[in-house]
4 protein chains.
Amino acid sequence: MHANGRLEGIFTPNLVPLDSAGAINESELRRYVDWLIDKGVHGLYPNGSTGEFTRFTVEERRRIVEIIADQVAGRVPILAGAAEANVAETVRACEYYHSLGVRAVAIVAPFYYRLGPEAVYAYFREIARHTPVDVTLYNIPMFASPIDVATVSRLADECERVVAIKDSSGDIPNMIRMIQAVRPNRPDFSFLTGWDAALMPMLLAGCDGGTNASSGVVPEITRKLYELTRAGRIDEARQVQYDLLTLFDAMIQESEFPDGFRAAASLRGFRMGTGRQPQSPAQSVDLESLTEVLQCLLAEHGLVDEPTGGCPPGAPVELAGVEISSIVDNVLAELGRRGVG
Amino acid sequence: MHANGRLEGIFTPNLVPLDSAGAINESELRRYVDWLIDKGVHGLYPNGSTGEFTRFTVEERRRIVEIIADQVAGRVPILAGAAEANVAETVRACEYYHSLGVRAVAIVAPFYYRLGPEAVYAYFREIARHTPVDVTLYNIPMFASPIDVATVSRLADECERVVAIKDSSGDIPNMIRMIQAVRPNRPDFSFLTGWDAALMPMLLAGCDGGTNASSGVVPEITRKLYELTRAGRIDEARQVQYDLLTLFDAMIQESEFPDGFRAAASLRGFRMGTGRQPQSPAQSVDLESLTEVLQCLLAEHGLVDEPTGGCPPGAPVELAGVEISSIVDNVLAELGRRGVG
Amino acid sequence: MHANGRLEGIFTPNLVPLDSAGAINESELRRYVDWLIDKGVHGLYPNGSTGEFTRFTVEERRRIVEIIADQVAGRVPILAGAAEANVAETVRACEYYHSLGVRAVAIVAPFYYRLGPEAVYAYFREIARHTPVDVTLYNIPMFASPIDVATVSRLADECERVVAIKDSSGDIPNMIRMIQAVRPNRPDFSFLTGWDAALMPMLLAGCDGGTNASSGVVPEITRKLYELTRAGRIDEARQVQYDLLTLFDAMIQESEFPDGFRAAASLRGFRMGTGRQPQSPAQSVDLESLTEVLQCLLAEHGLVDEPTGGCPPGAPVELAGVEISSIVDNVLAELGRRGVG
Amino acid sequence: MHANGRLEGIFTPNLVPLDSAGAINESELRRYVDWLIDKGVHGLYPNGSTGEFTRFTVEERRRIVEIIADQVAGRVPILAGAAEANVAETVRACEYYHSLGVRAVAIVAPFYYRLGPEAVYAYFREIARHTPVDVTLYNIPMFASPIDVATVSRLADECERVVAIKDSSGDIPNMIRMIQAVRPNRPDFSFLTGWDAALMPMLLAGCDGGTNASSGVVPEITRKLYELTRAGRIDEARQVQYDLLTLFDAMIQESEFPDGFRAAASLRGFRMGTGRQPQSPAQSVDLESLTEVLQCLLAEHGLVDEPTGGCPPGAPVELAGVEISSIVDNVLAELGRRGVG
């Protein structure tokens, strides 16, 4: 936590292990949480996009935060995703998570409908008026209504309860615009990036930390990147950022999010189970190939053993350099196709 | 219903009246349903986007279909929106709505996450395997993962339970591609358009009907447009389509969807109450101006009285012609800004 | 030509045959023009996007119009693409084409830079003030700055020289909005669609005609579609539109525009030569496969012979139905990737 | 210049002063070039997007490079924009600029048509085979066909003449992907960013320099930012980047590009004249207001005097912080509207 109370560091948007019946695997989730804290994450962030919050029921979302709050037991702060069907339901979730002792909640802008700035403002203002716990705005324009600079600024000025923004757009100039607009009046306001691919430059540009899916898979690496960057050891940090990008691209672009992260967490020793979104036969085959690529990438960092068949000679880096870049192109195409790009 | 059992005609994606506490106003909903049937809609479609399904709880969505099934009492077929948090929950909703006697359910493609064709296919295939009731695919790429032509075709070929697609993209060539790909093997498959702005050309291009938000406000006009078009009275139909477009643009583009439709339904005599998405002061003012514009547009068709202050001389059409076109531009800009355009 | 002088019918945006040195093949261009007129096109449209105007020099663009004006010799009206580097150069082109006797020029909105409505308005107004010949606005938002409804309306109201819009967006409701905004004050103003995939519905919605790349390949079919639609023979017209869509998709989506059209025109017996945009080896192979598909599609309509190896059993339609729809998906993905979708 | 010959530092994509007749103002251009070199820019880059290359004729583009080569007289390297109508014309321009002694040419990917990776590859490969001078690829997906990572990598591997990429996308992770894919085989390859809003983070992420429109207005500031960043003085560099962003946003977002830059260069004492793209009356008024804002922003850095009426109390920063952020929102909306966002 920053001197003036700002949220700071890497908060892990944790995955949720499932059992063979598709239910929350509580014991594995507890073991996963301990491991993350042990490996150095600064906080936990249940019910994020990585945690597939939309695929659980209201009751399950509550249960996930209960388990995590209980297991964390105050060792690190918790940022709990609290978005529900409407303002009243969301406020109820805020109240409950507050009673569990979370440091703050994170609330994604309204999704499905794409709302304009006035409506996004009205939505968060209404929540801020009734929540008993601090709120982090969650901006992820790829999936939800965007929260623009003027709206962040307006909410920061008017609502004491709004204490941070988590931005997953990856747009660095826009992050700077938000910092410029908000910080003069709100030195306690925190800026967190959710785009692992730009973690180092975001921190150098003024961010306080990140909520990064990669930290649920390689918490050692994100921690190292955070500390090298904070210490101004730019050349070393850059190399870690490059490696993290290769890994992140592989996890995010060869499968439906967050299946690549689930596969990688399995390689780290956790029984993640099958995700809730069904897979076609072709997807299952792809996920197996991806898992092998991931294993080589992780092995390169000494985090797991190589696959029994070994990794391509000349090294995974080469493999990553070449294969992944064309995958990236394909996936950008795919995103464009889905109207996201 | 078409000779071969195809869904056919205009299904109204009904709005949900709320009481002063923000709860479902059951008596007003019943009165609204009777009025719609009386005015000639061919079917009801609860829990659509117009019905703000995402803003209700699981229990409320079920209650809405219960009320409507009870009130309709078999007079017209019901298409019930059944999307829930995941496949298992969605199948449970299908089972329940089936027990209520609906003709079919409509299931929007997965939203929030933007999934690719394989995942969309896997999702619907899994549902189709377990649902006891016919399924209409709901393609609304503006809000949810797109369902592409190859995926519709694949699902139609493999899943008997999948009997229709409701497409809200407004893309006529793409509708033709779907019809070309599906109809040879599935003459019973129905194609419905959710884009009121292109209802006439969609019907002429081969659609079986529509699920049109406007029909919840001016059921007389959508019915007339449907019948003139079906009868090949093109010149008359074109004029009605032009008028409907002006009204549709005013309702959809000057406010957050579906607030313009809620305002217009209020003008038709229903107490719709305040929507669940909070409004900023600026939005409330805008909605009042819009209501006056809508009143003039409806008055022009003899559907309501003019506002006490009267309508602009030279007529609402002029007003519509000029004002609305610049509004359209602004709103397209706004949509673009929200990543929709 | 319409009673009140409106541009009307199908104007062919002609391809430009090249010789083995990559220069304009004048004799083949003359032969091609004769054939098009013979097959019933209502007008010629040199220097359109299909004519690859950006890939020729200033002098070549002038030469193309000279050849066509000379060869047409008044048999059909000519709409000459006249966009040059800036207003002054464009006006000079207008003057020259006027001296050659063209019916009107067509001027695409400024491209490369994406300009807003005010700048687009200022650009066309400045041209309209100085041109001696009628101007058709050319709206193709996929490639150039969009011309929005309010701008068309403003230009139509203020500039007598602006007599038409050619719109290649394929957006039918937007076409209706333009017609509604412009026609009351300018009954002589013409609306032409450049999107062959929606030609029938565009005509039914109120368009006067089209400038359709397909008409340079299958002028018989576009003429037939135009006449059936105008005559209100909807069922027959729809079938022709379906067939045209299949062919159009194949030509536009399996190769870089307009290479598919060039390949198809070659099949119709014209030596189109190699296009000016270089092709990679992979592209050349793809274009050969496409040519075979196109030959089967054209053979199905009796326009050319089947390839020596024959066409797939079960027929090209099947082939089109299946293969093309997945091609469409791929290419939409590709378009999205290029920022077009 | 980097030890291994890499292009390095800030290359100014210079504006072109025009006289009252709209022709190139040669003496003012020479004076402007001297001033830029005097203020520390590392190179000149005529015929870039900032230099409005598309709005000049072929002859004018050549004349601009002639003047600059003559005036620079070897003091700094020149990167000359050489894109013409097609490969043959472009190669001719390369030959001519080579004869004038430029260090390299920069060639934008094909524009108007949006080409896919294979065609972009084929285009540059063909040029690279025939050019006598080194080529910088110019990637500006907002305006031209994108050059993706795999294509850059392929061209770098196959074509010795291709020595750099100028990327104006502002996408830092993608810049890293390009560096990772290219540098192992081509240590001499240079990566330049054209997105001033992210200059510091781009340099920290591994770029060699930039081609930044702002450097034509505030060369002192871009030089300072470059040197502070290179020296690892992150905190100081960050503050300069923040200030540059405010100025850049004002110049790029309140007017059509590059009019804001032309207005600001006028404030620095150069007679830029009226741009070639006509302005509507409303645009002219806007540009006057913008000029005042710019004057206050520049005055704050001691670069020009305050306007006679003075600047808003509390300071231009405040003004910038508030006004600009809402302008940014509007312009993003506008970009979305133009299909760019």
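Within 6.0 Å of the CD atom in A:Glu236, the count of heavy atoms belonging to other residues, nucleotides or ligands exceeds 12. More than 12 heavy atoms of other residues, nucleotides or ligands sit less than 6.0 Å from atom CD of A:Glu158.
Using a 4.5 Å heavy-atom threshold, the side chains of D:Leu245 and A:Gln180 count as touching. Between A:Met202 and D:Ile172, the closest side-chain pair of non-hydrogen atoms is not below 4.5 Å. For the pair A:Pro173 and D:Trp195, the minimum side-chain heavy-atom distance is below 4.5 Å.
In terms of heavy-atom pairs under 4.5 angstrom with chain D, the leader among A:Gly206, A:Pro184, A:Gly232 is A:Gly206.
When heavy atoms are compared at a cutoff of 4.5 Å, A:Leu204 approaches chain D by way of both its backbone and its side chain.
For D:Tyr242 (side chain) and A:Ala205 (main-chain N/O), a donor-acceptor pair under 3.5 Å exists by modelled atom type.
Between the CG atom in A:Asp249 and the CG atom in D:Asn174 there is a gap of 9.0 Å [rounded to 0.5 Å]. For the atom pair D:Ile234 CD1 and A:Leu203 CG, the distance stands at 12.0 Å (nearest 0.5 Å).
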